[in-house]
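This report concerns only the one structure given below.
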Amino acid sequence: LLAAALIAPRTINIKELEKPSCGPDSVLVKIDFTAICGTDVTIYKTGNVNVPRILGHETAGTISEIGVNVTNFKLGDRVIINPVSYCGKCELCCQGKEALCPSGGLRGRELDGFFAEYVLADKTDIYKIPEGVSSAEATQIQTLTTVYHSQRRLDVKPGKGILVIGLGVTGLLHVMLAKASGAIPVIAAARSQWKLDLARELGADEILKLPDIHALDKLKTLTGGTGPDAVIDAAGTPETFLQSIEWVAPSGNFLSYGTLHEPVNNFSTFQTYFKEINIISSRAASHADWMPSINLVKGRKIDLKRLITHQLPLRQIQDGFKMMEDSSSRAIRIAIAMH
Ligand SMILES: [Zn+2]
Ligand SMILES: [Zn+2]
């Protein structure tokens, strides 16, 4: 079987591996598509991982071999795979916080991931893809689980105003999920007009083009005077972190969703004290986030179609990474066809 492994920063090698054999509690999944995520791009650029490493954690495939103890799936079922590995026994795992398991990791980072023609998956880590959802789209259910997990922590309430800053895949999913949860108005903010237009099509009530020196006044007007009850920073830059704290309403909630890779300079806690703001962090997702996410896609509350902007064959995977680094490509998600 073929697999794409990172061997050095910005260098991916397609290599031949032996096809693994399936144990009694696992399935062998013939991978249809694996999407390139921002996390993959960060690892690709920095090489900050044990190499060689097969990247990729957003995947969809078809069961091609099945263990004898796997009873609720059958050969040919289309499935998605939870990429979070965990022990299942420690205190955090027992609390349903498997992503925080000290002996766990993410497939495609600490462990080999899904840019491979075949992968093994444990029976507890697979979920059926709803009918009518393509395998390329289905790769984004994993992304939705992380968004769902974070909004569960944010506790989105119907009728509350939400601002989402940054409109990559996760920002757009945050917009759709906030709408589905009854938040109003849902305001989408970004620098690119085409992303704002897409957010509008996907359900944003209002848009805010950044940068805007009058942003605070505009947000107050849009939300009846106080500012948004919740701000979700899906961009994850020091600038958007500080803007979120400035723009959120007093007593509001700030979800710091996008991962910051640099320190926030000149950050003072005075505003968080003065406005009594809750700062909420969120990492990955738990098993508990998968079925609700699948149900939202199955019930057409969340539309993943528009998020897959490109598809490329495995041999062009490196071009895919280059496109993800180049904003002029207008790539949101690129699904790599593994066969
Ligand atoms: Zn991802
Ligand atoms: Zn554990």
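Counting starts at 1 for both ligands and their atoms, following the listed order.
Contact annotation: C87 places an N, O or S atom under 2.8 Å from the Zn ion (ligand 2). Among the atoms of E58, an N, O or S atom falls under 2.8 Å of the Zn ion (ligand 1).
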Could you go through the ring-ring contact (aromatic ring centres under 6.0 Å, His included) check for Y118 and H339 one step at a time? CA-CA 10 Å; Y118 290 86; H339 284 272; 5.5 Å; yes
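Defined by atom type and a distance below 3.5 Å, a donor-acceptor pair is present between the side-chain atoms of D233 and T240.
Figure legend: cation-pi geometry between K128 and F73, with NZ or CZ positioned under 6.0 Å from the six-membered ring centre and within 45° of its axis.
Taking the Zn ion (ligand 2) as the corner point, the angle from C101 atom SG to C93 atom SG is about 110° (rounded to 10 degrees).
The line from CD1 of I184 to CG of D229 is 12.5 Å long, rounded to the nearest 0.5 Å.
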